[in-house]
Chemist: 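Supplied in structure tokens, the structure appears directly below.
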Amino acid sequence: MIDVVLNIVLLLFLLTMAVSILFIRHLMAMAMLFGLYSLLTAALFLVLDAPDVAFTEAAVGTGISTVLMLATLAITGIHKEKRPKIHLPALLLCTLVGGLLVVISLDLPPLGDEQSPALQGVAKHYLEKGKEETGVPNVVTAVLASYRGFDTLGEVAVIFTGGVCVLMLLGHWRQKPSVKVKNKIRITSR
Amino acid sequence: MESVLDLVLGHFNYWAVIALLMIGLYGIIARQNLLKKLACLSIFQTGVFLLFISWGYRHDATVPILAEGFSRYANPLPQVLMLTAIVVGVATLAVGYALIVRIHKAYGSIEEDAILEKDQQEQE
Amino acid sequence: MLMSLHLAVLPILLPMIGAPLAALLGRSSWAWWITLIISIGQLLCFVAMLPVVLGGQPLDYSMGGWAIPWGIAYRVDALSLFMGLLIAAIAVLTCVYAKHSLRTDVDHEKLPYAYCCMQLCVMGLLGMVLTADIFNLFVFLEISSLATYGLVSLGKDRRALLAAFRYLVTGTLGATLFLIGVGLAYTATGTLNLEDMAQKFATSPHQRTIQGAFAFIFAGLVLKIAIFPLHLWLPTVYRFAPSAVAVLLAATATKVALYVLVRCQFGLFGQAISASHYLAELLLVGGVLAMLYCSYLALKEDDFKGLLAYSSLAHLGYMLGGMGLLSAKGLSASLMQLFAHTLAKGGLFMLAGIMVLSAGTSKISQLTGLAGRSPLLFLALVICGLSLVGVPGTVGFVGKWQLLDAALTQGRFGLVLAILASSLMALAYVWKILETAYSNPQSNMQLTVKPGWLMPLSMWSLTLGCLYFGFFSQWPWQLAQHAATVLWGSS
Amino acid sequence: MLLIVVIALILLTLALALARALLGPSLFDRILAVNMAGTKSVLLIALFAAWSGRMDLLDIALLYSLLNFLAVVAALRLIERGKHFAYLDKEEQ
């Protein structure tokens, strides 16, 4: 029972955070709220029995992501958002997609259902044979590193790509001052 | 009455997450501030992560780390998928932030409509 | 023998070595050579797989030796091979083209990183084509998208930055929608392998979930492919990206997303959703609207690259129309159209890059006198342009003819009319360019920078490809038919 | 029973911290609120570990407390340095 209550309360907190991130105009404060938001998400992951995901979300979402956002704010030095307008088409679209999702969700097996196909499928094999076949008691690790190790290689490639892209965008290139001035003119004159 | 309560309790997670998704989607489309767009994109992605983890949840079960005295474990596969997806999401966000820094350097603003206006003026 | 066992995964592994090397060595010429060698290696892999796959037996590869539903599997069938060959070939040509083109667009220090990103982009695309696991597909989708965001942002113009940012937001939104679809499909079946999933769909009690899954996968891919009306991000991206990147994007990226759509719609969800013909109507209507509206936009556009971008959007409409016919014939016509469009549009974007480089502008109105200044360039423009319109003797004609034939046999006269109308508009906008280029030979248009010989070389190979496959179209047409029947048999 | 009462109380204080983060008014209030919410979630995790009998979750509680500290320090440092944080702006000077 405790987990259900925790689940609902945390979700409500999360919704409050999301709404306030949407509406707050002070960007620095938004970054703080964003950190809180992912902290709550991580706690929620834990309540939903996913400690590894909670671990990652806490490190990556709360830590890196928030710090990156703060760093962006610190570099740009912009702290206020302009007053936003209500966007009717977007509102309409969201209602539509949300309605569609709610309709689909009624067909989904309820939370924690034993009979859901997801639990009967591949996952069952992982839980029953995982330790025997890979020798790792943490099934998530076993699947991540062995059964679906190629995804993890892809993940590494994604990080690498992201790093290369950020370097390409921000790396401080050795440029003599005169060249830099020329570059600036080139960038702004078109 | 009983069944309605069951339905609500069993699907509350999904609905809350759907609400999160829609808040994110609205922000992505409607907000002009690029940083806010990215934050909303992140909310949207986190919503999807929560959705997956909810699908992997199992009543009266424990975390999928095999141990003595436990026999029911949560579904590990969605967790594995989300581990990958979280990292992918952050890599994308990092590139997005880098782009914002560059855009700010080039235009002096991070409001989309202001930037477009500057481009318009330049063309005329 | 050992090599041939691992052929299916080699095109992915090669850039995993090549990309870090290119970035780390730090010399742009070395990076270029590495990229060239890797992409040629990829192409050779696909060529080596050709006889095996055409023998009728798809090539299977299980990652880490895990049996099919437990681990990640790769599968090369005729459709994957068709796409893989096309992408690898374009990647080689783009690499040849990029040597000179990127150097003029991108700061010298960034070049190795740019080549690294090109390799990663092609790796992602090939991974999407080869994999038989739907989540793995998502991962590779993200790799290729991330690499493209970086590449697009390299454009000289500062507007490239905003274009890249919008592309990033739209692309990530699309990928996340796709991910929701993957999750829904997973909850309905409990597996991630494409084939296993398709089988389990048939017996699953959660039919509404499956339809929802398809809806989200469809929506995500539509954003990625940039199908009208969700196309707004595409023209600016194509306009402001460096020329070589625009070639790569126009010729491969959206096509691969289209491939994924074809794969999901016919291979994966085939039975679950083909009962509803609403989808077919949706595709047809969307295709027709895209053809007409985007051709109209192309007519109005004054920027060469922008015009080509809108024309690409219109041509996506043809492919959607062919898919909407829901027949093997229609699908193979779509694939043929895809092949033809890749050749013609790749050639034209390369030409646009040369033009921008040597004339310093991409405005159509300033192309006056091109025919007098550079007759060869003009000739290539004529050939690719005619292929785009679909004049007999070019590969564009073969694609359009098959599509018309398929539409006629199924009595879809609306589609036929739309194709004809759109082709007429294509003729009009190609004519607009040609007329400008031919007029006023005494103009003072100046070709200041010589484009070297590598850029024209790759452009001419695509241009001659347009002609060659226009006369000898059996080879791609048979492969396309093969691919379509493979998919049709499995659904 | 005790567990339930404690969890309820912690949720209450978490809500208070969130309210402070939402209301502000100054940036430092918010940072403090984030720090406090972080501490609360560490406690929550520890309690959850006790309730479910999986003591391995305590590792995560430890990681949280570490991250919480680091994130707040990083945030404060970035705010302190403000616009002069990165080389990009040094170039412009």
Chemist: Would you call B/E112-B/R31 a salt bridge at under 4.0 Å N-O?
Modeler: no
Chemist: Looking only at heavy atoms and a cut-off of under 4.5 Å, which of A/M30, A/E57, A/K131 has the most pairs with chain B?
Modeler: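 Looking at each of A/M30, A/E57, A/K131 in turn, A/M30 comes out on top.
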Chemist: Quick one: of B/R58, B/R72, B/Q32, who has the most non-hydrogen atom pairs under 4.5 Å with chain A?
Modeler: B/R58
Chemist: Just so I understand: if I count every heavy-atom pair under 4.5 Å between each of B/N75, B/L77, B/L38 and chain A, which residue has the most?
Modeler: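 Among B/N75, B/L77, B/L38, the one with the most close pairs to chain A is B/N75.
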Chemist: Name the region of B/T84, side chain, backbone, both or neither, that has any atom closer than 4.5 Å to a heavy atom of chain A.
Modeler: both
Chemist: Does a donor on one side chain and an acceptor on the other come within less than 3.5 Å for B/Q79 and A/D52?
Modeler: no
Chemist: Is B/I43 close to chain A through its backbone or its side chain, or both, or neither, when contacts mean heavy atoms under 4.5 Å?
Modeler: both
Chemist: Any chance you could lay out the ring pair (Phe, Tyr, Trp, His ring centres under 6.0 Å) test for B/F52 and B/W55, step after step, and finish with the verdict?
Modeler: CA-CA 5 Å; B/F52 268 74; B/W55 283 327; 5.5 Å; yes
Chemist: Pick whichever of B/V90, B/T92, B/I29, B/V80 has the most heavy-atom pairs under 4.5 Å with chain A.
Modeler: B/V80
Chemist: Let me know if B/Y14 has heavy atoms under 4.5 Å from chain A in its side chain, its backbone, both or neither.
Modeler: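 It is the side chain, since no backbone atom gets that close.
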Chemist: Do we see a donor-acceptor contact under 3.5 Å between the side chains of B/Y107 and B/D119?
Modeler: yes
Chemist: Looking at every heavy atom in both B/V63 and B/Y73, which two are closest together, and how far apart are they?
Modeler: O-CD2, 3.2 Å
Chemist: Could you have a look at A/F55, A/Y37, A/Y126 and say which one has the most heavy-atom pairs with chain B under 4.5 angstrom?
Modeler: A/Y37
Chemist: What residue, out of A/S65, A/A18, A/G130, has the most heavy-atom pairs lying under 4.5 Å from chain B?
Modeler: A/A18
